[in-house]
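Right, one structure below, let's go through it.
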Amino acid sequence: MIRASMQLARRDILKGAGALIIGFNLDINGFLKKAAAAPALRDPEAANSWIVVHNDSAATVYFGKVELGQGNSTTMLQLVAEELDLDLTQLSGASVDTEHSMNQGATVSSSSIQQAGPQLRAAAAEMRQELLRRAALKLNVPADQLTVAKGEVAGGGRTISYGALVGDENERIPFTGKAPLKNPASYKIVGKRVRRRDIVEKVKGTYTYMQHAAVPGMLHGRIVRPKGQGAYGHAPKILSVDVSSIKDLPDVKIVRQGDFLGVVAPRQWDAIRAAEKLKIDWQLAESLPGTSNLYAKMRSEKTTDTTMVGEGNVAQASAAHVVSGTFHAPYQAHAPFAPSCALADVKADGAIVKCSSQDIFALRDRIGALLDLPKDRVQVQYLEGSGCYGHSCYDDAALAAALMSKLAGKPVRVQFMRWDELGWDNYGPAHVGEVRIGADRDGGLVSYEYHGWHHGWMIEETTEHLATGKPVHELDKGPGSLFVNKFDTGGMYDIPNRLLVNHAVPGLQGYLKGANLRSPMDLSYSFASEQLIDRLARLSKIDPVEFRRRNIKAARWLGVLNAVAEASGWRPRTAATPGDGTVVRGRGVALGTHRASMGGAVADIEVNRRNGTIAVKHIYAALDCGIAINPDVVESQIVGMSIQATSRILKECVQFSRTNVTSLDWLSYPVLRFGEHPDVTPIIVPRNDPPLGAGEEVLPAVGAAIANAVYDAIGVQLMEYPMTPERVLAALKG
């Protein structure tokens with residue numbers, strides 16, 4: 001039974017989901033108003049467009065990276081407070097809004113601290129330098145002899161506040177990028193465990209998420225689509241709509257443009273009932289291979305092949321031991337806790353849209369194109385959603401809300417149903433990996449060959465495609481380009497002969513819609529490669545940790561491996577140790593990354609040989625991400641990645657027929673339950689190096705460590721995930 005409204009209990013979610021951490025508490029009642037806290041300037045080359053110091057010496061920071069649960073809204077302020085010599089209580093982060101925020105690009109690929117953080121540090125240093133120049137004139141003391149604490153400048157026995165120095169906020173302070181930055185050795189705020197500002201509200205369940213947003217006079221909307229998408233590029237066509245099927249719901253209005261269809265109503269329950277009852281005759285194409293035929297279809301395609309890495313000669317490499325295998329990874333969904341939601345108010349001369357997009361500036365342009373409005377007449381405001389993990393349906397929901405508001409002539413709040421979210425997601429693409437690795441008699445890696453088959457990411461949102469009927473496109477290079485900086489590059493292993501080939505599958509030829517899912521493709525690569533590394537270690541009669549030590553050429557990778565081995569109390573073993581009881585235990589180790597950070601993991605698991613179930617008992621996960629701006633935030637990310645990796649490697653798989661996706665609820669798309677979560681020991685490898693990504697890099701190492709632990713427990717490797725009980729039992733029989 002579907003209820004008219006649902007109040008989600010959030011008091012305990014942080015206990016098991018370390019990735020849901022922070023967001024801005026925005027003024028929902030001010031939704032239809034322009035942002036009152038906008039900076040006087042909108043010039044990226046003006047320091048006071050990024051940071052505005054007020055006459056009370058407090059400051060507002062205008063950054064463009066959004067809070068997805070990774071801790072931006074605290075860690076960004078720590079960076080600014082450090083450079084500007086302010087206390088954190090004196091800083092606030094402005095809501096992220098296309099009208100006043102600085103455009104720092106999409107919040108993706110663990111890029112916030114690594115790529116956007118330096119911009120804020122530089123802007124803060126510029127502001128500090130200018131304020132000290134002014135203070136030097138006021139106090140008649142050289143700037144290099146002044147000291148600052150909490151916005152109070154002292155020198156010559158006198159003090160003056162930042163507030164007394166700022167003057168007119170319209171006065172432009174140039175952002176040259178040349179102001180000196182502080183030495184990390186002098187840091188007082190960066191690197192400290194600072195409590196996240198909204199943690200109390202999130203634990204209590206009083207935090208305002210996007211799903212809670214409302215404005216007076218709005219309509220509730222629901223999209224109406226077939227239950228589960230078909231092949232990308234083969235959109236369903238509406239043959240007929242039976243309006244009489246909802247005649248008992250007189251307050252409901254049907255809105256339609258092209259093959260986009262929705263319903264709106266003053267009461268949410270009426271919209272939900274109407275979306276369920278409305279009878280539509282859809283034309284569906286039987287253009288999918290079905291789950292069971294997916295990998296064979298991918299492998300048989302005429303692909304566009306690109307050599308991503310080619311060094312030495314893998315064919316002529318002399319190896320005493322050679323291992324190989326073909327590994328399979330399924331489509332997986334983002335599956336946020338609450339389905340995507342957006343709220344839009346569209347007028348003839350402009351639009352305001354509130355949503356949870358990772359890239360509000362790019363979305364603004366798309367909304368303008370869909371509504372036939374100039375992009376400068378579209379304002380997009382960010383409000384944190386309940387879960388993200390990559391490019392899920394939040395942009396699709398925002399576009400749907402904007403289009404439905406235009407068609408209905410009133411503000412419209414759209415929330416997807418669970419079957420919409422799971423059935424029309426932008427899935428992490430499926431993957432086939434054929435891997436071959438060789439080692440010499442002393443356990444030294446001599447060759448590594450990886451051939452990967454997968455399609456690229458899809459560009460258009462479903463709302464755009466259905467409403468306009470325009471042809472869809474696929475990202476030209478696809479995720480195969482992510483081979484660079486992956487398994488054996490960046491210093492993970494020293495292998496003289498390497499060949500990595502991307503076989504780009506044509507995604508418009510009968511596949512599901514794909515996009516970036518947390519740590520895109522990395523789980524697939526590590527699942528395959530790290531299992532073969534373990535197999536080589538067994539053949540070489542070398543402990544898996546020691547085998548990796550012998551082949552690592554970079555000190556930081558060695559540091560991660562040693563840190564996780566020490567924390568887990570790793571005991572050397574040279575062979576798998578399968579037990580003969582009903583429940584057998586195993587332990588595995590693995591390395592992995594996403595972009596530049598270094599991740600390592602050890603997993604302790606149990607396998608029930610009678611029913612095939614795997615229970616992950618404990619994960620030890622280490623991360624070298626450079627300097628950790630806030631260790632609490634980084635540790636929470638490590639915990640969240642470990643839990644999500646466990647869920648994806650054991651349970652998650654999108655099922656589909658010849659016509660459409662059939663994974664539409666938590667039964668047909670199971671995820672790890674709270675009671676199944678492993679204990680997690682997060683380990684931060686201490687560094688004063690520049691910060692790197694910390695939101696995706698441990699996930700592939702954890703997944704591969706679990707796979708290697710299964711190998712240790714039962715003596716057999718699984719070549720496909722999720723590692724379901726059925727696959728475990730089949731492996732045991734084989």
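- The side-chain hydrogen bond (donor to acceptor under 3.5 Å, both in side chains) search around E720 returns R727, not counting sequence neighbours.
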Which donor-acceptor pairs under 3.5 Å do side chains of residues 612-622 form with protein atoms, sequence neighbours excluded?
residue: T613; atom: OG1; partner: N611; partner atom: OD1; Å: 2.8
residue: H618; atom: NE2; partner: T681; partner atom: OG1; Å: 2.7

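- Ring centroid separation for the pair H431 and H328 does not come in under the 6.0 Å cut-off.
- Around atom CZ of R556, more than 12 heavy atoms belonging to other residues, nucleotides or ligands sit under 6.0 Å away.
- No donor-acceptor pair under 3.5 Å is formed between the side chain of E311 and the backbone N or O of V309.
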Steps toward side chain to side chain donor-acceptor pair (under 3.5 Å) verdict (H455, E474): CA-CA 9 Å; H455 61 70; E474 180 182 6; 4.6 Å; no
Verdict with supporting geometry, Y525 and Y450, ring pair (Phe, Tyr, Trp, His ring centres under 6.0 Å): CA-CA 9 Å; Y525 302 151; Y450 195 115; 5.6 Å; yes
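- Counting only residues at least two apart or in different chains, salt bridge (charged side-chain N to carboxylate O under 4.0 Å, His left out) contacts with residues 649-671 comprise K651-E676.
- Taking S657 as the reference, T659 meet the side-chain hydrogen bond (donor to acceptor under 3.5 Å, both in side chains) condition, with sequence neighbours excluded.
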Steps toward side chain to side chain contact (heavy atoms under 4.5 Å, CB included) verdict (T646, L650): CA-CA 6 Å; T646 304; L650 294 187; 3.9 Å; yes
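- Minimum interatomic distance between L692 and S597 (heavy atoms only, all atoms of both residues): CB-OG, 3.1 Å.
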Audit row: H334, N426, side chain to side chain donor-acceptor pair (under 3.5 Å) steps and yes/no: CA-CA 8 Å; H334 295 86; N426 309 306; 6.0 Å; no
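- Crowding of R573 atom CZ: a count of heavy atoms from other residues, nucleotides or ligands under 6.0 Å exceeding 12.
- Among residues two or more places apart in sequence or in another chain, the ring pair (Phe, Tyr, Trp, His ring centres under 6.0 Å) test is passed with H391 by Y394.
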Side chain to side chain donor-acceptor pair (under 3.5 Å) evaluation trace for S529 with Y448: CA-CA 9 Å; S529 300; Y448 175 76; 2.7 Å; yes
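- Partners of Y721 according to the ring pair (Phe, Tyr, Trp, His ring centres under 6.0 Å) rule, which considers only residues two or more places apart in sequence or in another chain, are F527.
- In terms of heavy-atom proximity, D359 sits nearest to A106 at OD2-CB, 3.4 Å.
- Cation-pi check for R418 over Y669 is not met; the charged atom does not lie both under 6.0 angstrom from the ring centroid and within 45 degrees of its normal.
- Minimum interatomic distance between K513 and T462 (heavy atoms only, all atoms of both residues): NZ-N, 3.3 Å.
- Across all non-hydrogen atoms, the minimal contact from E384 to S356 is C-OG, 3.6 Å.
- Heavy-atom minimum distance, G703 versus L523: CA-CD1, 3.8 Å.
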